[in-house]
K.L.:
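Below is one structure. I have some questions about it.
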Amino acid sequence: MNNNKSRTRTGQYIPNFDNPRIRKRVKKALGWAAGCVRSEPREMAKNWIDVNLGQQQNELGAWLRAKLLICQDNFYYFGVDGGKCKEYSLNQSGWDEVSGMLLGIEDANAAAPMQKEGKGKSLHDMELIHAWARDVHKKEFDSKDFQYEEKQCARLWHPLQNLKKDAKAYVWKKEGLSFDYDIQACAPTLILQHAQQLGFDEWPHGIQEFLADPRAFRKHVAEVAGYDYNDDKQAKKVKALVNAMFCGAKLGANKDFALFQLLDENYERVNALKNDTRLMLLKDDIKRCWKVIESESMYTVKNENGRKLALNSKRKWGRYFDLERLVLDAVRFYLIKSGVKFFLEHDGWRTDQVIDVESLQEHVFVSTGYRIKIAGTSSRIIEESLPADLESIPNNYQEAHEAKNQEGMALCQLSPIVLRVNAEKDYCEIVQIPSLLSRLRNKLLISQNMNRPNG
(Lines give C-alpha, C1' and ligand atoms only; values in the text may rest on other atoms or scores of the structure.)
Protein backbone atom coordinates (compact mmCIF):
# COMPACT_ATOMS: atom_id res chain seq x y z
CA MET A 1 0.00 0.00 0.00
CA ASN A 2 1.39 3.40 -0.91
CA ASN A 3 0.61 6.70 0.68
CA ASN A 4 -2.33 7.56 -1.55
CA LYS A 5 -4.26 4.40 -2.29
CA SER A 6 -4.96 0.81 -1.39
CA ARG A 7 -6.65 -2.07 -3.13
CA THR A 8 -8.93 -4.87 -2.10
CA ARG A 9 -8.02 -8.46 -2.81
CA THR A 10 -9.87 -8.20 -6.12
CA GLY A 11 -7.70 -5.25 -7.13
CA GLN A 12 -10.45 -2.65 -6.66
CA TYR A 13 -9.15 0.82 -5.85
CA ILE A 14 -10.11 2.49 -2.56
CA PRO A 15 -8.65 5.78 -1.31
CA ASN A 16 -6.30 5.80 1.66
CA PHE A 17 -8.21 7.98 4.13
CA ASP A 18 -5.21 8.04 6.46
CA ASN A 19 -3.57 10.42 3.98
CA PRO A 20 -4.50 14.07 4.85
CA ARG A 21 -4.30 15.10 1.19
CA ILE A 22 -6.77 12.39 0.22
CA ARG A 23 -9.16 13.43 3.01
CA LYS A 24 -8.96 17.06 1.89
CA ARG A 25 -9.78 16.18 -1.72
CA VAL A 26 -12.66 13.91 -0.67
CA LYS A 27 -14.10 16.61 1.62
CA LYS A 28 -13.97 19.08 -1.25
CA ALA A 29 -15.72 16.62 -3.56
CA LEU A 30 -18.42 15.87 -0.97
CA GLY A 31 -19.04 19.56 -0.34
CA TRP A 32 -19.33 20.33 -4.04
CA ALA A 33 -21.64 17.38 -4.72
CA ALA A 34 -23.91 18.12 -1.74
CA GLY A 35 -24.11 21.81 -2.60
CA CYS A 36 -24.31 21.83 -6.39
CA VAL A 37 -25.41 18.46 -7.82
CA ARG A 38 -29.17 18.00 -7.90
CA SER A 39 -31.24 14.87 -7.53
CA GLU A 40 -32.79 15.61 -10.93
CA PRO A 41 -30.60 15.43 -14.07
CA ARG A 42 -28.92 18.59 -15.34
CA GLU A 43 -26.17 19.41 -17.80
CA MET A 44 -22.74 19.69 -16.22
CA ALA A 45 -19.57 20.80 -17.99
CA LYS A 46 -16.63 18.38 -17.86
CA ASN A 47 -14.25 21.14 -16.76
CA TRP A 48 -16.42 21.96 -13.77
CA ILE A 49 -16.49 18.30 -12.73
CA ASP A 50 -12.72 17.99 -13.21
CA VAL A 51 -12.04 21.00 -10.98
CA ASN A 52 -14.07 19.55 -8.11
CA LEU A 53 -13.58 15.80 -8.44
CA GLY A 54 -10.30 15.52 -10.30
CA GLN A 55 -9.72 14.25 -13.81
CA GLN A 56 -11.18 10.94 -14.92
CA GLN A 57 -7.81 9.38 -15.75
CA ASN A 58 -6.76 9.84 -12.13
CA GLU A 59 -7.82 6.91 -9.93
CA LEU A 60 -9.22 9.08 -7.15
CA GLY A 61 -11.05 11.28 -9.68
CA ALA A 62 -12.58 8.22 -11.37
CA TRP A 63 -13.54 6.75 -7.99
CA LEU A 64 -15.25 9.97 -6.87
CA ARG A 65 -17.15 10.22 -10.15
CA ALA A 66 -18.41 6.65 -9.79
CA LYS A 67 -19.48 7.21 -6.19
CA LEU A 68 -20.99 10.70 -6.37
CA LEU A 69 -22.45 11.09 -9.86
CA ILE A 70 -24.98 9.23 -12.00
CA CYS A 71 -24.75 9.97 -15.73
CA GLN A 72 -28.36 10.27 -16.89
CA ASP A 73 -27.68 11.31 -20.49
CA ASN A 74 -24.39 10.43 -22.18
CA PHE A 75 -25.10 12.52 -25.29
CA TYR A 76 -23.12 15.72 -25.81
CA TYR A 77 -22.03 17.93 -28.69
CA PHE A 78 -20.30 21.24 -29.40
CA GLY A 79 -20.78 23.54 -32.36
CA VAL A 80 -20.90 27.11 -33.62
CA ASP A 81 -24.58 27.45 -32.71
CA GLY A 82 -24.18 26.05 -29.21
CA GLY A 83 -23.75 22.72 -27.54
CA LYS A 84 -24.97 20.27 -24.96
CA CYS A 85 -23.14 18.72 -22.01
CA LYS A 86 -23.75 15.32 -20.50
CA GLU A 87 -26.44 15.24 -17.83
CA TYR A 88 -25.74 14.09 -14.29
CA SER A 89 -27.62 13.68 -11.01
CA LEU A 90 -26.42 13.11 -7.45
CA ASN A 91 -25.78 9.52 -6.37
CA GLN A 92 -27.14 9.99 -2.86
CA SER A 93 -26.34 6.46 -1.68
CA GLY A 94 -22.77 6.85 -2.94
CA TRP A 95 -22.48 10.23 -1.24
CA ASP A 96 -23.65 8.69 2.05
CA GLU A 97 -21.14 5.86 1.65
CA VAL A 98 -18.18 8.17 1.01
CA SER A 99 -19.25 10.49 3.82
CA GLY A 100 -19.40 7.50 6.16
CA MET A 101 -15.95 6.35 5.08
CA LEU A 102 -14.61 9.83 5.70
CA LEU A 103 -16.00 9.76 9.20
CA GLY A 104 -14.35 6.41 9.77
CA ILE A 105 -17.66 4.55 9.67
CA GLU A 106 -17.98 1.49 7.45
CA ASP A 107 -21.74 1.79 7.13
CA ALA A 108 -22.99 5.38 6.74
CA ASN A 109 -26.40 4.29 8.02
CA ALA A 110 -24.83 3.35 11.36
CA ALA A 111 -23.58 6.87 11.94
CA ALA A 112 -24.87 8.61 15.04
CA PRO A 113 -27.72 11.06 14.38
CA MET A 114 -26.42 14.54 13.56
CA GLN A 115 -27.86 17.93 14.26
CA LYS A 116 -30.20 18.92 11.44
CA GLU A 117 -29.96 22.15 9.50
CA GLY A 118 -32.58 23.24 6.98
CA LYS A 119 -34.72 20.61 5.26
CA GLY A 120 -33.20 17.45 6.61
CA LYS A 121 -29.58 18.17 5.78
CA SER A 122 -27.20 17.49 8.65
CA LEU A 123 -24.96 20.17 10.02
CA HIS A 124 -22.08 17.98 8.84
CA ASP A 125 -23.36 18.23 5.25
CA MET A 126 -23.69 22.00 5.48
CA GLU A 127 -20.23 22.40 6.94
CA LEU A 128 -18.77 20.38 4.05
CA ILE A 129 -20.60 22.61 1.56
CA HIS A 130 -19.39 25.78 3.27
CA ALA A 131 -15.83 24.46 3.49
CA TRP A 132 -15.85 23.71 -0.26
CA ALA A 133 -17.24 27.13 -1.13
CA ARG A 134 -14.75 28.96 1.09
CA ASP A 135 -11.82 26.93 -0.21
CA VAL A 136 -12.67 27.77 -3.82
CA HIS A 137 -13.83 31.36 -3.34
CA LYS A 138 -11.88 32.54 -0.28
CA LYS A 139 -10.63 35.82 -1.79
CA GLU A 140 -14.09 36.79 -2.97
CA PHE A 141 -15.70 35.87 0.36
CA ASP A 142 -13.15 37.95 2.25
CA SER A 143 -13.42 41.00 0.00
CA LYS A 144 -17.12 40.60 -0.92
CA ASP A 145 -16.02 41.64 -4.41
CA PHE A 146 -17.38 38.85 -6.60
CA GLN A 147 -16.17 38.41 -10.16
CA TYR A 148 -18.92 37.45 -12.61
CA GLU A 149 -18.66 35.96 -16.06
CA GLU A 150 -20.51 37.79 -18.83
CA LYS A 151 -22.83 35.40 -20.62
CA GLN A 152 -23.86 35.88 -24.24
CA CYS A 153 -27.46 36.16 -23.06
CA ALA A 154 -26.58 39.28 -20.96
CA ARG A 155 -26.77 37.46 -17.65
CA LEU A 156 -23.96 37.60 -15.11
CA TRP A 157 -22.86 34.12 -14.03
CA HIS A 158 -20.96 32.94 -10.97
CA PRO A 159 -20.36 29.34 -9.77
CA LEU A 160 -21.93 30.10 -6.38
CA GLN A 161 -25.25 30.70 -8.12
CA ASN A 162 -25.38 26.92 -8.58
CA LEU A 163 -25.69 26.25 -4.84
CA LYS A 164 -28.88 24.51 -3.80
CA LYS A 165 -31.48 26.63 -2.05
CA ASP A 166 -30.92 25.30 1.48
CA ALA A 167 -27.15 25.40 1.04
CA LYS A 168 -27.30 29.03 -0.11
CA ALA A 169 -29.04 30.12 3.07
CA TYR A 170 -26.41 28.44 5.25
CA VAL A 171 -23.35 29.55 3.27
CA TRP A 172 -24.40 33.17 2.88
CA LYS A 173 -25.37 33.47 6.52
CA LYS A 174 -21.90 32.19 7.45
CA GLU A 175 -20.30 34.68 5.07
CA GLY A 176 -22.27 37.69 6.29
CA LEU A 177 -24.63 38.16 3.34
CA SER A 178 -27.80 37.03 5.08
CA PHE A 179 -30.30 39.49 3.57
CA ASP A 180 -31.97 38.07 0.47
CA TYR A 181 -33.87 40.19 -2.07
CA ASP A 182 -35.40 39.59 -5.47
CA ILE A 183 -37.74 41.20 -7.98
CA GLN A 184 -41.27 39.89 -7.69
CA ALA A 185 -42.56 38.34 -10.93
CA CYS A 186 -39.60 39.82 -12.78
CA ALA A 187 -40.21 38.44 -16.29
CA PRO A 188 -43.96 39.24 -16.41
CA THR A 189 -43.40 42.71 -14.96
CA LEU A 190 -40.63 43.73 -17.38
CA ILE A 191 -42.19 42.19 -20.51
CA LEU A 192 -45.54 43.91 -19.91
CA GLN A 193 -43.99 47.29 -19.17
CA HIS A 194 -41.61 46.94 -22.13
CA ALA A 195 -44.58 46.35 -24.44
CA GLN A 196 -46.42 49.32 -22.91
CA GLN A 197 -43.41 51.57 -23.47
CA LEU A 198 -43.48 50.53 -27.13
CA GLY A 199 -47.17 51.34 -27.59
CA PHE A 200 -49.17 48.40 -26.20
CA ASP A 201 -52.32 50.12 -24.90
CA GLU A 202 -54.80 47.27 -24.37
CA TRP A 203 -55.84 46.23 -20.88
CA PRO A 204 -54.10 42.89 -20.17
CA HIS A 205 -56.66 41.22 -17.90
CA GLY A 206 -54.78 37.93 -17.74
CA ILE A 207 -51.39 39.47 -16.93
CA GLN A 208 -52.88 41.87 -14.40
CA GLU A 209 -54.58 38.98 -12.62
CA PHE A 210 -51.25 37.19 -12.45
CA LEU A 211 -49.33 40.24 -11.22
CA ALA A 212 -51.97 41.00 -8.57
CA ASP A 213 -51.09 37.74 -6.83
CA PRO A 214 -48.49 35.54 -8.59
CA ARG A 215 -48.57 32.91 -5.85
CA ALA A 216 -52.35 32.47 -6.02
CA PHE A 217 -52.25 32.26 -9.81
CA ARG A 218 -49.47 29.64 -9.77
CA LYS A 219 -51.36 27.70 -7.13
CA HIS A 220 -54.39 27.67 -9.43
CA VAL A 221 -52.28 26.41 -12.32
CA ALA A 222 -50.84 23.71 -10.06
CA GLU A 223 -54.33 22.53 -9.12
CA VAL A 224 -55.39 22.39 -12.77
CA ALA A 225 -52.26 20.40 -13.64
CA GLY A 226 -52.65 18.07 -10.67
CA TYR A 227 -49.51 19.26 -8.88
CA ASP A 228 -49.07 19.79 -5.16
CA TYR A 229 -48.01 23.41 -4.81
CA ASN A 230 -46.75 22.75 -1.28
CA ASP A 231 -44.13 20.43 -2.73
CA ASP A 232 -41.04 22.50 -3.64
CA LYS A 233 -40.17 20.52 -6.77
CA GLN A 234 -43.71 20.61 -8.13
CA ALA A 235 -44.09 24.30 -7.31
CA LYS A 236 -40.82 24.92 -9.16
CA LYS A 237 -42.25 23.20 -12.25
CA VAL A 238 -45.30 25.47 -12.17
CA LYS A 239 -43.18 28.60 -11.81
CA ALA A 240 -40.96 27.48 -14.70
CA LEU A 241 -44.08 26.81 -16.80
CA VAL A 242 -45.50 30.30 -16.35
CA ASN A 243 -42.14 32.03 -16.88
CA ALA A 244 -41.52 29.97 -20.02
CA MET A 245 -44.92 31.00 -21.40
CA PHE A 246 -43.96 34.65 -20.94
CA CYS A 247 -40.98 34.03 -23.21
CA GLY A 248 -42.81 32.19 -25.94
CA ALA A 249 -43.00 28.54 -24.86
CA LYS A 250 -46.13 26.81 -26.18
CA LEU A 251 -48.33 24.15 -24.67
CA GLY A 252 -48.36 21.10 -26.89
CA ALA A 253 -48.88 17.40 -26.32
CA ASN A 254 -45.88 15.98 -28.12
CA LYS A 255 -42.16 15.67 -27.48
CA ASP A 256 -41.29 18.61 -29.75
CA PHE A 257 -42.60 20.97 -27.07
CA ALA A 258 -40.29 21.77 -24.14
CA LEU A 259 -43.30 22.34 -21.85
CA PHE A 260 -44.54 18.82 -22.60
CA GLN A 261 -41.28 17.49 -21.20
CA LEU A 262 -41.49 19.86 -18.23
CA LEU A 263 -44.99 18.51 -17.50
CA ASP A 264 -43.68 14.94 -17.35
CA GLU A 265 -45.02 14.16 -20.85
CA ASN A 266 -48.51 13.86 -19.41
CA TYR A 267 -51.19 14.34 -22.11
CA GLU A 268 -54.06 14.80 -19.66
CA ARG A 269 -52.10 17.48 -17.78
CA VAL A 270 -51.36 19.45 -20.96
CA ASN A 271 -54.97 19.24 -22.17
CA ALA A 272 -56.28 20.36 -18.77
CA LEU A 273 -54.07 23.43 -18.89
CA LYS A 274 -55.04 24.23 -22.49
CA ASN A 275 -58.70 24.20 -21.42
CA ASP A 276 -58.17 26.50 -18.44
CA THR A 277 -59.77 29.88 -19.11
CA ARG A 278 -57.50 31.89 -16.80
CA LEU A 279 -54.28 30.45 -18.19
CA MET A 280 -55.42 30.91 -21.80
CA LEU A 281 -56.35 34.54 -21.08
CA LEU A 282 -52.81 35.03 -19.78
CA LYS A 283 -51.42 33.29 -22.87
CA ASP A 284 -53.36 35.62 -25.20
CA ASP A 285 -52.11 38.72 -23.35
CA ILE A 286 -48.52 37.51 -23.61
CA LYS A 287 -48.94 36.93 -27.35
CA ARG A 288 -50.26 40.47 -27.86
CA CYS A 289 -47.39 41.95 -25.85
CA TRP A 290 -44.77 40.19 -27.96
CA LYS A 291 -46.55 41.22 -31.17
CA VAL A 292 -45.97 44.87 -30.23
CA ILE A 293 -42.42 44.27 -29.00
CA GLU A 294 -41.50 42.47 -32.23
CA SER A 295 -43.04 45.01 -34.59
CA GLU A 296 -41.61 48.04 -32.78
CA SER A 297 -38.15 46.98 -31.67
CA MET A 298 -36.89 43.70 -33.12
CA TYR A 299 -35.32 43.01 -36.49
CA THR A 300 -36.95 40.63 -38.93
CA VAL A 301 -35.35 37.25 -39.62
CA LYS A 302 -36.00 35.58 -42.98
CA ASN A 303 -35.17 32.17 -44.38
CA GLU A 304 -33.29 31.50 -47.62
CA ASN A 305 -36.53 31.92 -49.59
CA GLY A 306 -37.16 35.35 -48.13
CA ARG A 307 -40.01 34.27 -45.91
CA LYS A 308 -40.30 35.95 -42.50
CA LEU A 309 -39.56 33.60 -39.62
CA ALA A 310 -41.63 33.67 -36.48
CA LEU A 311 -40.11 35.22 -33.37
CA ASN A 312 -38.84 32.18 -31.47
CA SER A 313 -38.41 31.57 -27.74
CA LYS A 314 -34.64 31.99 -27.91
CA ARG A 315 -34.95 35.57 -29.14
CA LYS A 316 -37.70 36.34 -26.65
CA TRP A 317 -35.57 35.06 -23.77
CA GLY A 318 -32.70 37.15 -25.14
CA ARG A 319 -34.81 40.30 -25.01
CA TYR A 320 -36.00 39.50 -21.48
CA PHE A 321 -32.42 38.92 -20.28
CA ASP A 322 -31.48 42.32 -21.73
CA LEU A 323 -34.28 43.95 -19.71
CA GLU A 324 -33.33 42.02 -16.58
CA ARG A 325 -29.71 43.10 -16.94
CA LEU A 326 -30.75 46.73 -17.42
CA VAL A 327 -32.60 46.66 -14.10
CA LEU A 328 -29.91 44.66 -12.31
CA ASP A 329 -27.23 47.14 -13.39
CA ALA A 330 -29.30 49.91 -11.81
CA VAL A 331 -29.58 47.84 -8.60
CA ARG A 332 -25.84 47.19 -8.66
CA PHE A 333 -25.04 50.89 -9.02
CA TYR A 334 -27.33 51.76 -6.10
CA LEU A 335 -25.80 49.13 -3.80
CA ILE A 336 -22.23 50.18 -4.61
CA LYS A 337 -23.07 53.85 -4.08
CA SER A 338 -24.73 52.98 -0.74
CA GLY A 339 -21.67 51.05 0.47
CA VAL A 340 -23.57 47.75 0.59
CA LYS A 341 -21.70 44.48 0.02
CA PHE A 342 -23.67 42.14 -2.22
CA PHE A 343 -23.83 39.03 -4.38
CA LEU A 344 -25.97 39.01 -7.55
CA GLU A 345 -28.21 36.14 -8.62
CA HIS A 346 -29.99 36.93 -11.91
CA ASP A 347 -33.13 38.79 -10.74
CA GLY A 348 -32.08 38.81 -7.09
CA TRP A 349 -29.21 39.65 -4.77
CA ARG A 350 -27.92 39.10 -1.24
CA THR A 351 -26.59 41.86 0.97
CA ASP A 352 -24.69 42.34 4.21
CA GLN A 353 -27.28 44.78 5.59
CA VAL A 354 -30.91 45.79 5.31
CA ILE A 355 -31.56 48.04 2.32
CA ASP A 356 -34.16 50.75 1.85
CA VAL A 357 -36.44 48.90 -0.56
CA GLU A 358 -38.64 51.85 -1.48
CA SER A 359 -35.63 54.04 -2.21
CA LEU A 360 -34.11 51.34 -4.42
CA GLN A 361 -37.37 50.80 -6.32
CA GLU A 362 -37.54 54.53 -7.03
CA HIS A 363 -33.90 54.57 -8.16
CA VAL A 364 -34.58 51.72 -10.60
CA PHE A 365 -37.59 53.57 -12.02
CA VAL A 366 -35.70 56.84 -12.48
CA SER A 367 -32.74 54.99 -14.05
CA THR A 368 -34.60 52.57 -16.33
CA GLY A 369 -38.27 53.55 -16.55
CA TYR A 370 -39.39 50.23 -15.06
CA ARG A 371 -41.52 49.94 -11.93
CA ILE A 372 -40.51 46.88 -9.97
CA LYS A 373 -41.53 45.39 -6.64
CA ILE A 374 -38.78 43.98 -4.45
CA ALA A 375 -39.44 41.16 -1.99
CA GLY A 376 -36.86 40.28 0.59
CA THR A 377 -35.78 38.66 3.79
CA SER A 378 -37.07 40.87 6.54
CA SER A 379 -35.14 41.73 9.67
CA ARG A 380 -36.59 42.47 13.04
CA ILE A 381 -34.70 45.45 14.42
CA ILE A 382 -34.90 46.07 18.14
CA GLU A 383 -33.53 49.21 19.71
CA GLU A 384 -33.22 49.90 23.41
CA SER A 385 -35.41 52.96 23.05
CA LEU A 386 -38.22 51.13 21.28
CA PRO A 387 -41.49 51.21 23.21
CA ALA A 388 -42.45 47.79 21.85
CA ASP A 389 -40.62 44.84 23.37
CA LEU A 390 -40.17 41.36 21.93
CA GLU A 391 -43.31 40.04 23.64
CA SER A 392 -45.53 42.77 22.21
CA ILE A 393 -44.37 42.43 18.60
CA PRO A 394 -46.30 39.24 17.79
CA ASN A 395 -49.47 40.85 19.21
CA ASN A 396 -49.00 43.95 17.09
CA TYR A 397 -48.28 41.79 14.07
CA GLN A 398 -51.48 39.81 14.65
CA GLU A 399 -53.55 42.96 15.06
CA ALA A 400 -52.16 44.31 11.81
CA HIS A 401 -52.73 40.98 10.10
CA GLU A 402 -56.40 41.08 11.04
CA ALA A 403 -56.87 44.73 10.10
CA LYS A 404 -56.06 44.61 6.40
CA ASN A 405 -57.35 47.46 4.28
CA GLN A 406 -58.94 47.40 0.83
CA GLU A 407 -55.62 46.70 -0.89
CA GLY A 408 -54.95 43.70 1.31
CA MET A 409 -52.21 45.55 3.11
CA ALA A 410 -51.99 46.70 6.71
CA LEU A 411 -49.51 48.85 8.53
CA CYS A 412 -48.32 48.29 12.05
CA GLN A 413 -46.34 51.15 13.58
CA LEU A 414 -43.36 50.00 15.62
CA SER A 415 -41.39 53.23 15.84
CA PRO A 416 -38.82 53.79 14.38
CA ILE A 417 -39.70 51.03 11.93
CA VAL A 418 -42.89 50.02 10.19
CA LEU A 419 -44.00 46.45 9.64
CA ARG A 420 -45.94 46.14 6.41
CA VAL A 421 -48.13 43.08 6.57
CA ASN A 422 -49.70 41.46 3.53
CA ALA A 423 -52.69 39.77 5.08
CA GLU A 424 -53.55 37.61 2.09
CA LYS A 425 -50.10 36.19 1.45
CA ASP A 426 -49.20 35.93 5.14
CA TYR A 427 -45.82 37.61 5.10
CA CYS A 428 -44.37 40.86 6.26
CA GLU A 429 -41.50 43.11 5.36
CA ILE A 430 -39.85 46.01 7.06
CA VAL A 431 -40.17 49.49 5.63
CA GLN A 432 -37.60 51.69 7.28
CA ILE A 433 -37.70 55.44 7.61
CA PRO A 434 -34.80 56.48 5.32
CA SER A 435 -33.38 59.13 7.66
CA LEU A 436 -32.90 56.53 10.37
CA LEU A 437 -31.20 53.90 8.20
CA SER A 438 -27.60 54.60 9.17
CA ARG A 439 -28.42 54.83 12.89
CA LEU A 440 -30.43 51.60 12.83
CA ARG A 441 -27.70 49.66 11.06
CA ASN A 442 -25.40 50.31 13.99
CA LYS A 443 -28.01 49.09 16.45
CA LEU A 444 -28.95 45.84 14.74
CA LEU A 445 -29.43 43.48 17.65
CA ILE A 446 -31.72 40.82 16.30
CA SER A 447 -32.15 39.51 12.74
CA GLN A 448 -34.81 37.00 11.99
CA ASN A 449 -35.88 35.62 8.63
CA MET A 450 -39.59 35.76 8.00
CA ASN A 451 -41.62 33.95 5.36
CA ARG A 452 -42.08 35.75 2.10
CA PRO A 453 -44.03 34.91 -1.03
CA ASN A 454 -42.48 32.95 -3.87
CA GLY A 455 -42.19 35.27 -6.78
Side-chain angles (χ1 to χ4, degrees), residues 137 139-150 154-158 160-161 168-169 171-186 189-190 193 322-383 385-386 411 414-420 427-450 452-453 455:
H137 302 284
K139 289 184 179 179
E140 291 178 298
F141 277 144
D142 290 342
S143 67
K144 301 296 186 292
D145 181 15
F146 296 92
Q147 302 302 309
Y148 306 91
E149 178 185 343
E150 292 271 359
R155 274 192 158 177
L156 295 173
W157 182 82
H158 192 284
L160 290 171
Q161 293 168 352
K168 284 180 180 178
V171 170
W172 291 120
K173 182 179 178 181
K174 285 285 188 180
E175 294 298 335
L177 297 181
S178 55
F179 299 96
D180 183 15
Y181 298 90
D182 64 26
I183 301 169
Q184 293 187 49
C186 188
T189 297
L190 297 184
Q193 292 185 31
D322 287 340
L323 298 173
E324 179 190 81
R325 178 63 181 277
L326 177 68
V327 170
L328 197 63
D329 282 346
V331 170
R332 194 179 187 181
F333 178 84
Y334 177 93
L335 295 176
I336 292 173
K337 187 177 179 181
S338 302
V340 178
K341 299 295 184 181
F342 60 89
F343 178 77
L344 303 174
E345 294 187 76
H346 307 317
D347 63 352
W349 55 95
R350 295 173 184 272
T351 66
D352 66 337
Q353 55 190 275
V354 176
I355 62 174
D356 186 344
V357 168
E358 293 184 349
S359 174
L360 176 53
Q361 289 175 168
E362 187 62 26
H363 168 77
V364 170
F365 175 68
V366 171
S367 301
T368 68
Y370 291 98
R371 284 282 184 196
I372 62 170
K373 292 182 180 180
I374 298 172
T377 303
S378 298
S379 296
R380 179 177 293 163
I381 299 179
I382 306 299
E383 207 175 2
S385 60
L386 278 179
L411 294 178
L414 294 174
S415 180
I417 61 172
V418 176
L419 271 178
R420 175 181 288 162
Y427 81 101
C428 64
E429 63 178 336
I430 280 182
V431 182
Q432 294 180 306
I433 302 171
S435 62
L436 296 171
L437 273 175
S438 59
R439 183 166 62 89
L440 288 172
R441 284 171 185 153
N442 294 328
K443 292 180 177 283
L444 184 62
L445 302 179
I446 297 177
S447 293
Q448 176 179 335
N449 291 343
M450 295 180 178
R452 62 186 180 88

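These figures come from a predicted structure and were not determined experimentally.
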K.L.:
Please determine whether side chain to side chain contact (heavy atoms under 4.5 Å, CB included) holds for the pair I372 and L360, giving the CA-CA distance in whole Å, both sets of side-chain angles, and the decisive distance to 0.1 Å.
P.N.:
CA-CA 10 Å; I372 62 170; L360 176 53; 6.0 Å; no
K.L.:
Okay, side chain of K144, backbone of V340: is any donor-acceptor separation there less than 3.5 Å?
P.N.:
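Answer holds: no.
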K.L.:
Measuring from atom CD of E324 to atom CD1 of I183, what distance do you get when rounded to the nearest 0.5 angstrom?
P.N.:
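The distance works out to 7.0 Å.
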K.L.:
What is the distance from atom CG of L335 to atom CD of Q353, rounded to the nearest 0.5 Å?
P.N.:
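Going from the CG atom of L335 to the CD atom of Q353 covers 9.0 Å.
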K.L.:
For the NE2 atom of H158 and the CD atom of E140, what is their distance to the nearest 0.5 Å?
P.N.:
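It is 3.5 Å, given to the nearest 0.5 Å.
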K.L.:
Does the separation of the ring centres of W172 and F141 fall below 6.0 angstrom?
P.N.:
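Judged by ring-centre distance (under 6.0 Å), W172 and F141 do meet the cut-off.
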K.L.:
How many angstroms lie between atom CD of Q361 and atom CD1 of I374, to the nearest 0.5 angstrom?
P.N.:
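Atom-to-atom, Q361:CD and I374:CD1 are 4.5 Å apart.
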K.L.:
Does Y148 OH have over 12 foreign heavy atoms under 6.0 Å away?
P.N.:
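Result for OH/Y148: enclosed.
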K.L.:
Nearest 0.5 Å, please: how far is CZ in F146 from NZ in K341?
P.N.:
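Spacing of NZ (K341) from CZ (F146) equals 10.0 Å.
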K.L.:
Looking only at heavy atoms, which two atoms of L328 and G348 are closest? And how far apart?
P.N.:
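For L328 versus G348, the nearest heavy atoms are CD1-O, 4.3 Å.
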K.L.:
Checking the side chain of H346 only, and the main-chain atoms of R155 only, is there a donor and an acceptor separated by less than 3.5 Å?
P.N.:
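Side chain of H346 to backbone of R155: no pair is present.
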K.L.:
State whether E362 and R371 are salt-bridged, where the test is any N-O pair (Lys NZ or Arg NE/NH1/NH2 against Asp/Glu carboxylate O) under 4.0 Å.
P.N.:
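Salt bridge: yes.
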K.L.:
Give, for atom CH2 of W349 and atom CG of D180, the distance between the pair rounded to the nearest 0.5 Å.
P.N.:
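The distance works out to 9.5 Å.
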K.L.:
Has the side chain of Q161 got a donor or acceptor atom that lies under 3.5 Å from a matching backbone atom of L156?
P.N.:
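Yes, Q161 side chain to L156 backbone: donor-acceptor pair under 3.5 Å.
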K.L.:
Quick check: closest heavy atoms across Y181 and V354, and the distance to 0.1 Å?
P.N.:
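Smallest heavy-atom distance, with atoms named: OH-CA, 3.5 Å.
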K.L.:
Give a yes or no on whether the backbone of L323 and the side-chain of Y370 come within a donor-acceptor separation of less than 3.5 Å.
P.N.:
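Not confirmed, Y370 side chain does not pair with L323 backbone.
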K.L.:
List the atom of L160, the atom of K168, and the distance in Å for their closest heavy-atom pair.
P.N.:
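Minimum heavy-atom separation between L160 and K168: O-CE, 4.2 Å.
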K.L.:
Identify whether NZ of Lys or CZ of Arg in R350 sits under 6.0 Å from the centre of the six-membered ring of F343 and within 45° of that ring's axis.
P.N.:
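Because its charged atom misses either the 6.0 Å distance or the 45° angle limit, R350 does not stack over F343.
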K.L.:
What are the two closest heavy atoms between D352 and L177, and how far apart are they?
P.N.:
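That closest heavy-atom pairing would be N-CD2, 3.4 Å.
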K.L.:
Which atoms form the tightest heavy-atom contact between K173 and S178, and what is the distance?
P.N.:
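The pair with the smallest heavy-atom distance is CA-CB, 4.1 Å.
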K.L.:
R325 pairs by side chain to side chain contact (heavy atoms under 4.5 Å, CB included) with which of D322, D329, V327?
P.N.:
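The passing option is D329.
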K.L.:
Do S143 and K139 come within less than 4.5 Å of each other through their side chains, counting heavy atoms only?
P.N.:
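Contact flag for S143/K139 side chains = no.
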